[in-house]
Undergrad: 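Have a look at the structure that comes next, please.
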Amino acid sequence: MAISFKTDIVPLFTSVDIEHMSRLEVPLDDYAYMSQPDNAAGVYHQVSNGTMPPSASGEQPWSEDKVQLFKQWMDGGYAP
């Protein structure tokens, strides 16, 4: 079963993540933006190395399971 952006990936991001990153012109909940390989790779880089969410946000870094799910979505072809 393909990993879906709408049902599997968007829920990985909190409303705080989405709001904060939208101000930086990174719409985490926008498939058209996130399905672009360079954009997804940038987000993946930040969540995989723990710089997103930032520690000052009070949110926990992503678990390895969440990071791998995001990577599998990318590797699987960015299914909507």
Undergrad: Of the non-hydrogen atoms in M34 and A40, which two are nearest, and what is the gap between them?
TA: O-CB, 3.3 Å
Undergrad: If I compare all heavy atoms of P61 with all of P53, which pair ends up nearest, and what's the gap?
TA: CA-CD, 4.2 Å
Undergrad: Kindly compute the distance separating OH (Y78) from CD1 (I9), expressed to the nearest 0.5 Å.
TA: 11.0 Å
Undergrad: What pairs meet the side-chain hydrogen bond (donor to acceptor under 3.5 Å, both in side chains) rule with one or both residues in residues 62-75, with sequence neighbours excluded?
TA: E64-Q68, K71-D75
Undergrad: Could you please spell out the steps behind the side-chain contact (heavy atoms from CB on, under 4.5 Å) verdict for Y33 and L28?
TA: CA-CA 8 Å; Y33 178 87; L28 298 173; over 6 Å; no
Undergrad: Supply the atom-to-atom distance I18 CD1 to L12 CG, rounded to the nearest 0.5 angstrom.
TA: 10.0 Å
Undergrad: If you take all heavy atoms of S4 and P80, which pair is closest and at what distance?
TA: OG-O, 3.1 Å
Undergrad: Measure the CD1-CG distance between I3 and L69 for me, rounded to the nearest 0.5 Å.
TA: 4.5 Å
Undergrad: Working to the nearest 0.5 angstrom, can you tell me the gap between H20 NE2 and S15 OG?
TA: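 It is 13.0 Å, given to the nearest 0.5 Å.
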Undergrad: With distance as the sole test, does S48 use its side chain to make a donor-acceptor pair with the main-chain N or O of V67 at under 3.5 Å?
TA: no
Undergrad: How many angstroms lie between atom CG of L24 and atom OG of S22, to the nearest 0.5 angstrom?
TA: 8.5 Å
